[in-house]
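Excluded from the calculations below are hydrogen atoms, water molecules and symmetry mates; all remaining heavy atoms, backbone and side chain alike, are included.
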Amino acid sequence: MNPIEQAAAAFPAFGLAVAHHGAGDLAAARAAYLQVLDQPQLTGLCLHQLGVLAAARGDHRVAADLFSRTLAIAPLPMVYANLHAAQDLIGDRAGATATLIDLGCFLQLHKHHADAVPVYRKVLERDPLSYPAYANLGNACAWLGELPQAAQHLSRAVVLWSRVFPEASRLPRALSQLINSLASKTDLLPDIPAGLPHGPIQKIEELLTTLGKVFGELEMPDAALACFRQSVALSPGYALGHWNLAAELLCRMDFEAGWAAYEWRWRWPEFPEAHRALGLPVWQGEPLAGKRIYVWGEQGLGDSLQFAPLAAQLPALGAEVILEVPASLVRLLAHSFPGVRVVPRPESPERLSFDERLDYVVPLMSLPLRLGLRPQALPLARAYLRPPEGEAPAGLQQPGTNGRPRVGLVWAGQPRHTNDHRRSLPASALTALLRVDTVNWFSLTVGARQADIAGMSGIVDLAPELGDFADTARAVEGLDLVITVDTAVAHLAGAMGRPVWLLLPKVGDWRWGRSGNTTPWYPATRIFRQSRLGDWSDVLAEVAQALRMGEATATVPTLSSFQP
């Protein structure tokens, strides 16, 4: 049901008005809508329906006014569409075009990117020089994975912008040539004339950042880097531009500039980690002899596992170190780093899990900058995680393995991860792996996707026995190999020095570089990368072949094959 039908079913008086309307008794309908107009739940819908009545009697100016008032209360696609139609009928061409753009933005805000595409195309039919239509169409295509089209539309928007602000654009020559080439391939428009009938155009830094991300996914890293650099050159305070620049620099192992740019995460309003105002000095690298420092883990579980060795370096500087991490990591890290006091993360980010005197606080992911981490210092440590004493999960103690290697499998991470749709395997992909019967399979996947193997044979589900990462570490210790997508288990097994086969999407996280089958972070990890965006078939075929060839217990590649 649409919103009108839903309200009619829920509120009898409104339903009566809708019934009159449907029967063609417009006077009775108008009176009935006015009768319930003051009810907060119905005000917006009544204004809309009154606008529909005004349009029916040909009073399109009144209709447009009512639809505009409706949008302030009930922004719905049907309201945008009716306002657009009314504006067209009264000759307000600019207003009608702006309303279409607003409709597209509304749809994208609610993640309906596919629905927004035809809206922007309609704008471009009306106004072939619409910068926002091209910018937003490119953004929608990027969300939909239509990367070549996204690059073309975004490039067209950059060219439009540069026509308005020729002095401010000054793109690097190679980037300018590339963007102009892509813009000319767009088949919707004629050549762009010099001079545009537009007012000031803003947010070019956002456009360049989006285009940079698209270039990155199209395996055009130099163009991506140029876009990110230009976005912060044009808008030095643009935090998201710096954040994306940091990822690109770190992917290239440019740690000196990368870690500095990484600090901009705290100025990005949408950064998922709360910036904790703890009322204590943030450590900037001051001497730590005799000081007590509180290091708090941020971002994902994998980040805490990967960078915990840096917190463990601080006692050598004379500090007493308290490391705060999610509760599921406390037992494992406390046992692995006896020189560090490990405490669980509190429920409120404004609190600390430590009530004694402190001299400094610092986010864990700021330690690479503070300690001057450089690529030659990798790996941070070798086999630095070890589980506390205890029995392996009962599922690993089952007899009847017939001497075949024991392989742990993680095919999915937390669904709330922003890139989970690309990093996790679809449930259908499990069949291809589990068909390999030269190994014994054990599932280490926990959470919502654990249910993917319900009813499947050929794999033992260890998840019910994995209460925290200390339990998972004991399970990993009993396995010959862990095959995993990019989740915390990849960091866990890698940091234990255990053999890991890491399955990566075409465009992976910065820490894994762009190519090569090894990583300097974890020497016992072997990487399998997609050759086509979103297509896991080649990865799964390669893994299955390696398993059948007996490589589950083979020596991992040397670091000489790593290419940042």
query: Does atom CZ of R173 have more than 12 heavy-atom neighbours, drawn from other residues, nucleotides or ligands, at distances under 6.0 Å?
result: no
task: Taking the side chain as every heavy atom from C-beta outward, state whether Q414 and R449 have any pair of such atoms under 4.5 Å apart.
output: no
- request: Could you tell me the separation between the CG atom of L211 and the CG atom of L175, rounded to the nearest 0.5 Å?
  value: 7.0 Å
message: If we count only N and O atoms by modelled type, under 3.5 Å, do the side chains of R265 and S366 hold a donor and an acceptor together?
response: yes
message: Within the supplied structure, the quantity of interest is the number of heavy atoms (other residues, nucleotides, ligands) at a distance under 6.0 Å from Q376 CD; does it exceed 12?
response: yes
field: W143, CH2 atom: more than 12 neighbouring heavy atoms under 6.0 Å
entry: no
- prompt: Does a salt bridge link K506 with E219, judged by any charged N lying under 4.0 Å from a carboxylate O?
  reply: yes
- prompt: Checking S328 side chain against D468 main chain: does a donor-acceptor pair fall under 3.5 Å?
  reply: no
Side-chain donor-acceptor contact under 3.5 Å, N136 with Q108: no
query: Between CD1 of I322 and CZ of F354, what distance do you get to the nearest 0.5 Å?
result: 4.0 Å
message: Using a strict threshold of under 4.0 Å (side-chain N to carboxylate O), is an ion pair present between R252 and D222?
response: yes
task: Determine whether the aromatic ring centres of W510 and W243 lie less than 6.0 Å apart.
output: no
field: R498 (side chain) donor-acceptor with V482 (main chain) under 3.5 angstrom
entry: no
message: Could you tell me if the side chain of L481 sits less than 4.5 Å from the side chain of V500, heavy atoms only?
response: no
query: Can we say R511 and D303 salt-bridge, meaning some charged N sits less than 4.0 Å from an Asp/Glu carboxylate O?
result: yes
Polar side-chain atom of R267 near backbone of A239 as donor-acceptor pair, under 3.5 Å: no
query: Can the ring centres of F307 and W521 be said to be less than 6.0 Å apart?
result: yes
message: Could you tell me if the side chain of V340 sits less than 4.5 Å from the side chain of V295, heavy atoms only?
response: no
field: CG-CG distance between L540 and L433, expressed to the nearest 0.5 angstrom
entry: 5.0 Å
message: Is it the case that atom CD in Q284 sees more than 12 heavy atoms from other parts of the structure closer than 6.0 Å?
response: yes
- prompt: Going by distance alone, is a donor N or O of one side chain under 3.5 Å from an acceptor N or O of the other, for T209 and N244?
  reply: no
field: Salt-bridge criterion met for E542 and R529 (N-O under 4.0 Å)
entry: no
task: Assign the ring pair H112 / H110 to parallel, tilted or perpendicular, where the plane angle (0 to 90°) is split at 30° and 60°.
output: parallel
